[in-house]
Amino acid sequence: MKPSTPKGTRDFSPAEMARRNYIFDTVKAVFRTHGFAQIETPAMENSETLMGKYGEEGDRLIFKILNSGDYLKDVTDLPSFASRPSSLVPLISEKALRYDLTVPFARYVVQHRNDLTFPFKRFQIQPVWRADRPQKGRYREFYQCDVDVIGSDSLLNEVELVQIIDSVFGKLNIPVTLKLNNRKLLAAIAQEVGAPDAFVDITVALDKLDKIGEEKVVEELKQRGISDASIEKLLPLIRFQGDTQQKLAFLATFLGENELGQKGIAEVQTVISTAQPLISPNTVIELDLTLARGLNYYTGAIFEVKSNLPNTLTSTICGGGRYDDLTGIFGLPNVSGVGISFGADRIYDVMLEAGLFPSSAQEGTKVLFVHFGEKEAQYCLPLVKQLREAGIATELYPDDAKLKKQFGHADSLGIPFVAMVGDSEMAENVIGLKDMRSGEQVRVTVKELVERLS
RNA sequence: GUGGUUGUAGCUCAGUUGGUUAGAGCGCUGGAUUGUGGUUCCGGAGGUCGUGGGUUCGAGCCCCAUCAUCCACCCCA
């Protein structure tokens, strides 16, 4: 049998982990300075917690966990399920791997509501699983870094999230475009053109405008059952081109007296004008009316972030939005939340492609002690301990081996210094220290050794 | 779920119209050098050519199936 990981999953080597941790450390540091507290939730949830929260496509992509033991004990007339296999799933599977961190968080909030102080600001960095077909920038297991504020309606939370986006990608040196939209605008547009239930269909079709052009978009709208009259009313919107302020002005007219629409416009306007003076030029904010996001639970602002670096992954590296009633499903109504999720694996891909990882992201052992045998190794142990206590990452080569091999080990691990102890060093109470980059070698006391490597 | 791509050494790949014993670079390993890595030189190990079947005197190469992989669509971080 040839060993391998399951489709769409990966192992991470020490070098990869060092770089991944650089991303996690950066993200965490920003979250903490904004006062978010970390939680974790289990990899698996009860299926009923997850199912129906992500839309039809989402349900299909949830990994289901087969019940333990006699999982067929509740199934009668098995052959009858051959024609409708999906209805067998609830009978043989009651748990599933989490699909995102937001829905488990909503469950967490409801379950622990009596222990929480609202507004509650939490962050969560854990893997999620999707039964997608893997491809570039798409994995079946990947890490999300979520920050959410729940129990507050204030748009200042949206503004804070924009600042966090600016801050994280600023620290990582990735210039980004933050695309902003609002579900209220999308719902209002659908109302105004006389297809109030079809706003998802309308936005999904609009989203393809750049790719397939106006004609095909109209065709797709028809296919999705939008009436000709509604499409006619949509055309001015489809054809409109302009920057964010022009779009808002256009919408103010297009949506007229529509209350939801005016509210959406005001929200977008407030978020942008409040956040703009607080962020760096690293982040470009733009209103993108084609941004829908498939997740069912969003009700207000929606965010999506893409890298502006040339020749890097073009897919979304961060996304999120406001959900007014996600906790309602679990029995706690009228609690609004807003949050975003950083896709660590995609950010990693972008940074690797652009060569953005600093060398400090791969520092390991600083000095390796090499020796000639048992006696010398014993002699090294207290020295090694002293260096470690001084905060210097230190290793002792464990086996008796030729110096060539021990030096080669330091070299292949990229350890910058080798400390050597043999008879003459022991006699003179010194340590041989070699700088592996320059090749320079000196004899120093323990005290000097600590000073040089600190 | 739909369409396509590619499977040859640990890795990246070459392999002519089907023809003797399947190659290269890198990596690994031993030596030159029993107190010195990275550079250099010499040697060595490592392959069921993804898997199963078929065509043929003969298959890494052609055909069928299957699995895996990557890419695109859908959707998404």
Side-chain angles (χ1 to χ4, degrees), chain A residues 1-10 13 23 27 54-62 85-86 98-102 125-146 165 200 203-205 207-208 211-212 220 291-296 302-307 313-321 339-350 368-373 376 397 400-426 432-441 443:
Chain A
M1 167 202 150
K2 201 175 178 180
S4 70
T5 61
K7 185 201 288 279
T9 66
R10 300 150 303 151
S13 67
I23 295 174
V27 166
Y54 307 105
E56 205 180 311
E57 179 77 5
D59 281 358
R60 195 166 65 80
L61 298 179
I62 291 172
S86 59
R98 66 169 165 250
Y99 178 89
D100 72 354
L101 299 179
T102 308
I125 298 175
Q126 290 188 272
V128 303
W129 294 269
R130 297 185 185 177
D132 237 351
R133 268 215 196 166
Q135 55 183 277
K136 195 173 180 60
R138 171 170 303 183
Y139 307 100
R140 286 184 143 185
E141 176 183 63
F142 61 95
Y143 274 70
Q144 291 195 324
C145 313
D146 268 41
I165 288 168
V200 173
T203 18
V204 168
D207 186 35
K208 295 182 184 166
K211 286 183 201 163
I212 61 179
E220 174 143 357
L291 182 62
R293 300 191 55 75
L295 299 177
N296 277 355
I302 38 188
F303 306 98
E304 210 164 276
V305 178
K306 293 185 177 190
S307 156
L313 198 66
T314 53
S315 39
T316 308
I317 52 178
C318 175
I340 50 172
S341 181
F342 292 81
D345 305 78
R346 286 185 176 175
I347 292 171
Y348 181 97
D349 290 346
V350 167
L368 175 75
F369 272 74
V370 301
H371 57 84
F372 297 90
E376 291 86 349
Y397 195 89
D400 278 355
K402 291 177 184 169
L403 276 195
K404 178 181 168 65
K405 181 156 181 158
Q406 300 189 54
F407 271 84
H409 187 250
D411 192 57
S412 61
L413 290 182
I415 297 172
F417 293 96
V418 168
M420 188 171 38
V421 175
D423 284 338
S424 70
E425 284 84 358
M426 284 163 71
L433 178 66
K434 179 161 184 174
D435 181 330
M436 295 297 277
R437 269 176 276 238
S438 66
E440 184 188 325
Q441 191 164 329
R443 290 187 153 203

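We name chains A, B, ... by the order of the sequence lines, and we start the count at 1 in each one.
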Exercise for the section: Pull out every residue in residues 416-424 of chain A that has a heavy atom closer than 4.0 Å to any atom of RNA chain B, ordered by number, or say none. Expected result: M420(A), D423(A), S424(A)

Integer-rounded Å distance: [N] [atom2] and [X] [atom1]:
X: Y397(A); N: G37(B); atom1: OH; atom2: P; answer: 14 Å
X: R138(A); N: C75(B); atom1: CZ; atom2: P; answer: 10 Å
X: Q135(A); N: G3(B); atom1: CD; atom2: P; answer: 16 Å
X: L368(A); N: G38(B); atom1: CG; atom2: P; answer: 15 Å
X: D132(A); N: A77(B); atom1: CG; atom2: P; answer: 10 Å
X: D349(A); N: C76(B); atom1: CG; atom2: C1'; answer: 15 Å

For [X], report the nucleic acid contact type (base, sugar-phosphate, nothing); a contact means any heavy atom under 4.0 Å.
X: G432(A); result: nothing
X: F342(A); result: nothing
X: C145(A); result: nothing
X: G439(A); result: base
X: Q441(A); result: base

Handout entry: Presence of donor-acceptor pair under 3.5 Å, side chain of E425(A) and base of G35(B)
Key = yes

Exercise for the section: Ignoring hydrogens and angles, answer whether the base of G38(B) and the side-chain atoms of D411(A) contain a donor-acceptor pair closer than 3.5 Å. Expected result: no

If you check the [X] side chain, which of [options] turns out closest?
X: K7(A); options: U69(B), C76(B), G1(B); value: U69(B)
X: F372(A); options: A77(B), A72(B), G35(B); value: G35(B)
X: L403(A); options: A72(B), C75(B), U36(B); value: U36(B)
X: K434(A); options: G35(B), C71(B), G37(B); value: G37(B)
X: R346(A); options: G37(B), A72(B), A77(B); value: A77(B)

Problem - Distance-only side-chain donor-acceptor flag, E141(A) / T9(A), under 3.5 Å - result: no

Handout entry: CG on L403(A) to NE2 on H371(A), rounded to 0.5 Å
Key = 9.5 Å

Problem - Separation of R138(A) CZ from R140(A) CZ (nearest 0.5 Å) - result: 11.0 Å

Completion exercise
For RNA chain B, the dot-bracket notation using Watson-Crick and G-U wobble pairs below 3.5 Å, [ ] for pseudoknot-type crossings and | for other-strand pairs, is ((((.((..((((.....[...)))).(((((.......))))).....(((((..]....))))))).))))....

Please report the distance separating the [atom1] of [N] from the corresponding atom of [M], rounded so that it comes out in whole Å.
N: G27(B); M: C11(B); atom1: P; value: 15 Å
N: U40(B); M: C64(B); atom1: P; value: 48 Å
N: G7(B); M: A14(B); atom1: C1'; value: 15 Å
N: G30(B); M: C67(B); atom1: C1'; value: 39 Å

Handout entry: Y99(A), OH: over 12 other non-hydrogen atoms inside 6.0 angstrom
Key = yes

Write down the protein N/O and nucleotide N/O pairs, taken from nucleotides 27-32 of chain B, whose separation is under 3.5 Å; answer none if there are no such pairs.
| from | atom 1 | to | atom 2 | distance (Å) |
| --- | --- | --- | --- | --- |
| G31(B) | OP1 | K402(A) | NZ | 2.6 |

